[in-house]
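Counting begins at 1 with the first residue of the sequence.
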Amino acid sequence: MHSVVLTKGVPDFREGQVSFDEDGHLERGATPTVMNPNDEFALEAALQTKVKQGGQVSVMSMGPPGYESVLEEAMSVYADDLYLLSDREMAAADTWSTAITLSGGVEKIAERDGQSGEPDLVFAGFKTADGETGQTGPQTSWCLDRPIVTHVISLTVDDEEETLRAKRLVEGDANEIETVEAPLPAFVVTDPDFEPSYRRAEHRLRHKRLKAETEERVEEYDEHLTTWSAEDLDLDPDFIGLDGSPTIVSGVDPIPKAPSEREATTVAPDDEEEMEQLIDEMRPLAGGE
C-alpha cells in the first residue's frame, strides 16, 4: 500500500509570529512558514493506513527551496520519503496550476516505482490556513482521474477487495455522517475531525515503532528528500505557475491589525474577590450573561 500525502507551507499565524506592513498586508518574507495545520490529519490518516496495511508513505509539497523545512515538519509526524516540486516556472500558481503540478509529481512517483504502479491513495488536508479555498485537493483528484472522498473522519482499506470504506461528514456538518466506499486507487481529503483508530494491540505497537523511527529520520530528513523541477516532471510551462493560472484577484482586504499595546493585570489565584471580578469581566466575552 503506497500513500502520497500532499502538504503546503503557510504563514505561521500564531500570535507574535506574523508580520504586517504599514498597510496591513502580510509580509511573507518576515513571517515564518510552517506546514498547513490541517495537513497533519492527512498525515495521520496515511500513517494509520501504513500501520494496518504496510507499505510506505510519501509526502509531497510544491514551493521554493525554503519549503524543505515544511517537509521536515511533515517528517516529524510521519514519512518514509519526501518530494519537493520546486522551480521558478511553478511560482505564483493558483489552485488550478498547482493541481496540475502536483498531479505531475504523483505520476512521476508512479513512473519511478515502475512495476509497483501508481500510488494507491493520495491524501490532502481540508483547506489551507492562507487561501482557505479547499480547491487544490479536488482539482488534483480530477487531474489524476481518481474517485475522491472528502470530509473523511475515519477510514479502512480492504486489500483483497481493493476498496476504501470511509465515514465522512455530509457537507462538513458534524451532525450528519455517511459511510461510503470507493475503489482503489482513490483520493482522500481528511476533515479536521479525523481521528486515527488503533484498536488492536499489534497496531498500537507498530504505530509506536513507526513514530520512533520517523523521529530518528527527522535529523537526516534531507537524505530522504527528492527535488524535482518542471523539466523533471515534463510539464508544459503554459499550464503551470502564473502563466497557467486562470484566477484573477480583483482586490485584497488588509488584515486588521492587533492592538499595539495591551494592559495586563495580575490576579492572585487564591484571592476569591479578584477571581470573581475577573470571571465577571470575562463572562460577556464568552457569550454568557
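Put simply, CG on Asp39 and OG1 on Thr128 are 8.0 Å apart, with the number rounded to the nearest 0.5 Å. Going from atom OG of Ser3 over to atom CG of Leu43 covers 10.5 Å, rounded to the nearest 0.5 Å. Put simply, CD1 on Ile177 and CG on Leu169 are 6.0 Å apart, with the number rounded to the nearest 0.5 Å. A distance of 11.0 Å separates NE2 in His203 from CG in Leu210, rounded to the nearest 0.5 Å. Rounding to the nearest 0.5 Å gives a distance of 7.0 Å between CE of Met60 and CG of Leu6. Put simply, CG on Asp159 and CD on Gln53 are 4.5 Å apart, with the number rounded to the nearest 0.5 Å.
No side-chain donor-acceptor contact under 3.5 Å links Tyr78 to the backbone of Ala46. A donor-acceptor pair is defined here as one N or O able to donate and one able to accept, closer than 3.5 Å; such a pair exists between the side chain of Ser86 and the backbone of Gly63. Listed for the Gln48 side chain is a donor-acceptor partner under 3.5 Å among the backbone atoms of Ser197. Counting only distance, with no hydrogens or angles, the side chain of Asp280 and the backbone of Gln277 share no donor-acceptor pair below 3.5 Å. Without hydrogens or angle criteria, Gln135 side chain to Asp94 main chain gives no donor-acceptor distance under 3.5 Å.
Pairing each heavy atom of Ser76 with each of Thr214, the nearest pair is O-CG2, 4.2 Å. Considering all non-hydrogen atoms of both residues, Ala230 and Ile240 come closest at CB-CD1, 3.8 Å. Across Pro119 and Ile109, no two heavy atoms sit closer than the pair CG-CG2, 4.2 Å. Residue Ser141 comes nearest to Ile148 through the heavy atom pair OG-CB, 3.4 Å, listed as atom of the first residue, atom of the second, then distance. Closest approach of Glu68 to Tyr221, counting heavy atoms only: O-CE1, 3.6 Å. Thr140 approaches Ser103 most closely through the heavy-atom pair CG2-N, 4.0 Å.
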Original post:
salt bridge (Lys or Arg N to Asp or Glu O under 4.0 Å) between Glu202 and Arg206: does it pass, once the steps are laid out?
Top reply: CA-CA 6 Å; Glu202 63 176 299; Arg206 191 176 302 159; 3.5 Å; yes
**OP:** Step by step, work out the side chain to side chain contact (heavy atoms under 4.5 Å, CB included) result for Arg168 and Thr150.
**Re:** CA-CA 7 Å; Arg168 64 180 299 273; Thr150 60; 3.0 Å; yes
Subject >> Derivation of the side chain to side chain contact (heavy atoms under 4.5 Å, CB included) call for Val70 and Thr33 >> reply: CA-CA 7 Å; Val70 174; Thr33 299; 3.8 Å; yes
**OP:** Show your working on side chain to side chain contact (heavy atoms under 4.5 Å, CB included) between Asp81 and Thr226 and close with a plain yes or no.
**Re:** CA-CA 8 Å; Asp81 44 24; Thr226 299; over 6 Å; no
Subject >> Intermediate values then yes/no, side chain to side chain contact (heavy atoms under 4.5 Å, CB included), Leu184 and Met1 >> reply: CA-CA 10 Å; Leu184 298 179; Met1 187 65 57; 4.1 Å; yes
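The shortest side-chain heavy-atom distance between Glu195 and Ile153 does not fall under the 4.5 Å cut-off. In this structure, the side chains of Glu40 and Phe194 stay at 4.5 Å or more apart for every pair of heavy atoms. With contacts defined as side-chain heavy-atom distances shorter than 4.5 Å, the pair Glu107/Leu144 qualifies. Using a 4.5 Å cut-off on side-chain heavy atoms (C-beta onward), Asp87 and Glu231 make no contact. Two residues are said to be in side-chain contact when any heavy atoms from C-beta on lie closer than 4.5 Å; Trp96 and Cys143 meet this criterion. With a 4.5 Å cut-off on side-chain heavy atoms, Asp243 and Pro237 do not count as touching. Residues Phe41 and Asp191 are not in side-chain contact: their nearest non-hydrogen atoms beyond the backbone lie 4.5 Å or more apart. By the 4.5 Å heavy-atom criterion applied to side chains, Glu118 and Arg146 are counted as neighbours.
Within the structure, every pair that satisfies the salt bridge (charged side-chain N to carboxylate O under 4.0 Å, His left out) test and touches residues 46-66, not counting sequence neighbours, is listed here: Lys50-Asp80.
Side-chain polar atoms of Thr7 and Ser61 form no donor-acceptor pair below 3.5 angstrom. No donor-acceptor contact under 3.5 angstrom links the side chains of Arg165 and Thr179, judged on distance only.
For Asp238, the CG atom is densely surrounded, since the number of other residues' heavy atoms within 6.0 Å is greater than 12. A 6.0 Å sphere centred on CD of Glu178 holds more than 12 heavy atoms belonging to other residues, nucleotides or ligands. At most 12 heavy atoms of other shown residues, nucleotides or ligands fall within 6.0 angstrom of atom CG in Asp234. Annotation for Glu274: atom CD counts as buried by contact number, over 12 foreign heavy atoms lying within 6.0 Å.
Cluster annotation: Trp142 is connected to Leu235 through the hydrophobic network of ILVMFWY side chains, with a link wherever side-chain heavy atoms come within less than 4.5 Å. A continuous path of Ile, Leu, Val, Met, Phe, Trp and Tyr side chains, each step under 4.5 Å between heavy atoms, connects Val51 with Met75, placing both in one hydrophobic cluster. When hydrophobic clusters are built by joining Ile, Leu, Val, Met, Phe, Trp and Tyr residues whose side-chain heavy atoms come closer than 4.5 Å, directly or via intermediates, Leu82 is not grouped with Val10.
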Using residues 120-127 as the side-chain source, report each donor-acceptor pair under 3.5 Å to any protein atom, sequence neighbours left out, with the distance given to one decimal.
unit_1 : atom_1 : unit_2 : atom_2 : d
Asp120 : OD2    : His2   : N      : 2.8

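Salt bridge Glu215/Lys211: absent, no basic N to carboxylate O contact under 4.0 Å.
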